[in-house]
2 protein chains.
Amino acid sequence: MKSEHIPKATIGRLAVYIQVLENLIRDGIEVISSEKLAQACSVNSSQIRKDLAYFGEFGVRGVGYYVQELITSIRESLGINRVWNCALIGVGNLGMALLRHHDFERRGFFIKAAFDCDPDKIGKELEGMEIVCPTHLKDQASELGIELGIITTPPDRAQRAANHLVDAGIKGIVNFAPARINVPPHIPVEYVDFFDHLYSVAFQVTLGNS
Amino acid sequence: MKSEHIPKATIGRLAVYIQVLENLIRDGIEVISSEKLAQACSVNSSQIRKDLAYFGEFGVRGVGYYVQELITSIRESLGINRVWNCALIGVGNLGMALLRHHDFERRGFFIKAAFDCDPDKIGKELEGMEIVCPTHLKDQASELGIELGIITTPPDRAQRAANHLVDAGIKGIVNFAPARINVPPHIPVEYVDFFDHLYSVAFQVTLGNS
DNA sequence: CTAACCTTGTGAATTTTATAACAAGTTAAA
DNA sequence: TTTAACTTGTTATAAAATTCACAAGGTTAG
Ligand SMILES: NC(=O)c1ccc[n+]([C@@H]2O[C@H](COP(=O)([O-])OP(=O)(O)OC[C@H]3O[C@@H](n4cnc5c(N)ncnc54)[C@H](O)[C@@H]3O)[C@@H](O)[C@H]2O)c1
Ligand SMILES: NC(=O)c1ccc[n+]([C@@H]2O[C@H](COP(=O)([O-])OP(=O)(O)OC[C@H]3O[C@@H](n4cnc5c(N)ncnc54)[C@H](O)[C@@H]3O)[C@@H](O)[C@H]2O)c1
């Protein structure tokens, strides 16, 4: 079908499909039907076929989808079948956990530089990377080919961090701080809000009890 | 209005409203209109009024919403105006970052127990808590009044961790591991997937460039 | 007190998203 | 080769969420 506008919910589900498909590979499963995949992802099978149809035709009628091929197709569709260089701002508890988490690299997201404004941290080395003052962000970004920014500062510093990133010509931002940030409209921002999810389970549990 | 079924998206937005409203408090703003709040949250003002209408009438016509009151009302609506005791399974990079993050407590989510199956970690103390073997989960859960579980194990251990939690009578789960888990249908599960958000920005950046 | 002005809450209209249904393509067995 | 059993891609249908539009309620200034 190859369509124009793709629902945000579709992107979220594609991420789930990849997750489940990768686990199927581990289990040695090579082909899967939309119905089976749907069960594993807790969605409707039409939903899966519709989501994939936005990007092309990846299945074989009467057979299903070849798992490895489908993973590749989805990754191409999302634009993640390549390396993305990232900068991280805010090397605290969470920032360090992310830096130490090598799954990001395995999936093509390389954190190439880490920034913090704390004088005690600047100059220290972590995971083979020197922690640098955010004022150097602009230089390093172009030098290292950094396109994405990850914000892990306290919430009241998130806007400042965002400003640094924008100034450095970054193309997209993932913000872990619980604060909205203002950036030019052509720069996409994704918010990772742990509390959103905690609130959501708490709400569902409360509903169930009432 | 007080309605029956509440869209999941509404819950997510309520979390955003709280986030923004709390920052308004910090700035000393006491009253806000749905239009202003909408701008701060990047949503439509009708959306806000509609979201709130699911739970009651919290505003004053001609005036707007009293910020502190609205926070309280939303918290009551979500069932988070009370303490929720949590157990964390998997004390690795991410688990430790969460344990050290005291914002959870400030918002009523207390991590009362931490579990790990690594013999090197069991018995160690962290943030005033002893790391315990997951086999003790059941005892501790009832003893400490734990209702929610947080999974931060590797993905191939997530199901096992979930089984422990379910067996311990936990009422809801937040899963940070990139793997779907199967639990009885009355137990809500929320997935926090960092890659989902990375994929999403990458996709949006790619779109913008094409 | 009146008039001009705001802002909420909500039914109706619109848009978007999800599900169902099925024609078309594929396989395998008889 | 034919038939029966599958499964996709896509159109049609249904459901859900968002936005619009405005009456109803409230405030402020003169
Ligand atoms: N740690 C968690 O588990 C967790 C969970 C949910 C949300 N968060 C959010 O993630 C963010 C980071 O949390 P954390 O626990 O790592 O906090 P933290 O205080 O440990 O780390 C914050 C780091 O940011 C640095 N920083 C401050 N201002 C900066 C600036 N302008 N430029 C660059 N660096 C700056 C600080 O020096 C510090 O090293 C916070 O916004 C927090 O609310 C954290
Ligand atoms: N660290 C990050 O920044 C990050 C980012 C995104 C996602 N994640 C996900 O979060 C999870 C944890 O990541 P991490 O970096 O902390 O990994 P980690 O390897 O540092 O920690 C995992 C911990 O879980 C423990 N564990 C393993 N099996 C267990 C079991 N059955 N019961 C109890 N404990 C068990 C291990 O002993 C270890 O301490 C992983 O699934 C990872 O994919 C982490």
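Below, chain A is the first sequence line, B the second, and so on; all start at residue 1.
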Residue of the set A:Ile150, A:Asp116, A:Thr152, A:Leu137 for which side-chain contact (heavy atoms from CB on, under 4.5 Å) holds with A:Ile89:
A:Leu137
Please confirm whether the shortest side-chain N or O distance from B:Tyr66 to OP1 or OP2 of C:dT8 is below 4.0 Å.
no
Return the residues of residues 33-47 of chain A meeting this criterion: a heavy atom under 4.0 Å from some atom of DNA chain D. Order them by number, or give none.
A:Ser33, A:Ser34
Does the B:Trp84 side chain pair with the main chain of B:Ile111, one donor and one acceptor, at a distance under 3.5 Å?
no
Under the rule for side chain to side chain donor-acceptor pair (under 3.5 Å), what residues qualify as partners of B:Gln204, not counting sequence neighbours?
A:Glu190, B:Ser200
Between P of C:dA24 and CD of A:Glu57, the distance in whole Å:
14 Å
Given C:dT10, D:dG26, C:dA18, identify the nucleotide with an atom nearest to the side chain of B:Val60.
D:dG26
Which of A:Ile48, A:Ile6, A:Ile74 passes side-chain contact (heavy atoms from CB on, under 4.5 Å) with A:Leu14? It is A:Ile74
Reading DNA chain C from 5' onward, which residue's closest nucleotide shows up sooner: A:Arg49 or A:Pro7?
A:Pro7
Could you give all pairs that pass the salt bridge (charged side-chain N to carboxylate O under 4.0 Å, His left out) test and reach residues 149-163 of chain B, with sequence neighbours left out?
none
Is there a donor N/O on one and an acceptor N/O on the other, under 3.5 Å, for the side chain of B:Lys50 and the base of C:dT10?
no
Please state whether the phosphate of D:dT10, meaning OP1 or OP2, lies under 4.0 angstrom from any side-chain nitrogen or oxygen of A:Tyr54.
no
Nearest to the side chain of A:Tyr65, heavy atoms from C-beta on, is which of D:dG26, D:dT8, D:dA17?
D:dT8
Does the ring centre of A:Phe194 sit less than 6.0 Å away from the ring centre of B:Phe176?
yes
Quick one: which of C:dT26, C:dT17, D:dT27 gets closest to the side chain of B:Val63?
D:dT27
Please confirm whether the shortest side-chain N or O distance from B:Arg13 to OP1 or OP2 of D:dT18 is below 4.0 Å.
yes
